[in-house]
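Report on the structure given below.
These numbers come from the heavy atoms of this one structure, side chains and all, not from hydrogens, waters or symmetry mates.
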Amino acid sequence: MNKLIPIFIEGKKWVQLSQLTAEQARSLRTFLPVNCLKKIFFQGIELSDCLDFDMYEFWYRSRQVSDQRQGLFDF
């Protein structure tokens with residue numbers, strides 16, 4: 001799984017769920033606490049599915065660890 005590159009808006013790092021595959025977006029949504037996704041206006045465009053990059057990175061790393069553990073039993 002490729003890691004998203006954050007976008008910088010007003011000094012904060014964000015990612016958009018729409019940049020993920022449908023499966024990854026579903027997995028991330030089930031992981032998130034309620035109301036974590038934000039609407040951000042940037043250069044006249046509404047970005048409706050933004051997530052703080054730190055939260056995304058935590059999910060990404062936990063998923064990598066989970067995948068590695070599962071891979072240990074695939075022989």
Side-chain angles (χ1 to χ4, degrees):
M1 174 172 72
N2 293 329
K3 186 175 179 181
L4 295 179
I5 296 171
I7 53 176
F8 290 90
I9 301 173
E10 296 180 9
K12 286 193 75 175
K13 295 190 279 186
W14 301 92
V15 293
Q16 285 186 277
L17 262 60
S18 58
Q19 295 176 336
L20 297 169
T21 66
E23 177 188 332
Q24 291 168 342
R26 261 191 310 278
S27 173
L28 182 51
R29 283 181 190 272
T30 60
F31 175 82
L32 293 174
V34 178
N35 299 324
C36 272
L37 297 178
K38 305 290 182 196
K39 287 183 184 179
I40 298 175
F41 291 92
F42 180 65
Q43 296 180 350
I45 299 171
E46 179 183 277
L47 307 174
S48 62
D49 59 347
C50 293
L51 178 65
D52 180 82
F53 182 74
D54 291 336
M55 178 69 76
Y56 164 76
E57 190 168 40
F58 180 80
W59 169 82
Y60 181 85
R61 288 182 181 184
S62 350
R63 184 160 175 178
Q64 277 189 320
V65 168
S66 175
D67 290 348
Q68 287 174 355
R69 285 184 183 162
Q70 187 176 20
L72 290 174
F73 298 108
D74 294 340
F75 46 86

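The SG atom of Cys50 sits 8.5 Å away from the CD atom of Gln19 when rounded to the nearest 0.5 Å. Note that CD of Gln16 and CD1 of Ile7 are 5.0 Å apart. Values are rounded to the nearest 0.5 Å. The CG atom of Leu51 sits 9.5 Å away from atom CD1 of Ile40, with the distance rounded to the nearest 0.5 Å. Atoms CG and NZ, from Leu4 and Lys13 in turn, are 13.0 Å apart once rounded to the nearest 0.5 Å. A distance of 11.5 Å separates CG in Leu20 from CZ in Arg26, rounded to the nearest 0.5 Å. Taking OH from Tyr60 and CZ from Phe53, the interatomic distance works out to 9.5 Å, rounded to the nearest 0.5 Å.
Here the closest heavy-atom approach between residue Lys39 and residue Ser48 is recorded as CG-CA, 3.9 Å. Leu17 and Ala25 make their closest contact through O-CB, 4.2 Å (heavy atoms, listed as atom of the first residue, atom of the second, distance).
One hydrophobic cluster, built from ILVMFWY side chains closer than 4.5 Å, holds both Met55 and Leu37. At a threshold of 4.5 Å between side-chain heavy atoms, the hydrophobic network of Ile, Leu, Val, Met, Phe, Trp and Tyr places Ile9 and Ile5 in two separate groups.
In this structure, the side-chain contact (heavy atoms from CB on, under 4.5 Å) partners of Thr21, at least two apart in sequence or on a different chain, are Glu23, Gln24.
The side-chain heavy atoms of Val15 and Glu57, taken from C-beta on, include no pair separated by under 4.5 Å. The closest side-chain heavy-atom distance from Lys3 to Tyr56 is below 4.5 Å.
Summarising the local packing, CZ of Phe31 is surrounded by more than 12 heavy atoms from other residues, nucleotides or ligands at distances under 6.0 Å.
Sorted by first and then second residue, the salt bridge (Lys or Arg N to Asp or Glu O under 4.0 Å) pairs with a member in residues 42-52 read Lys12-Asp52; sequence neighbours excluded.
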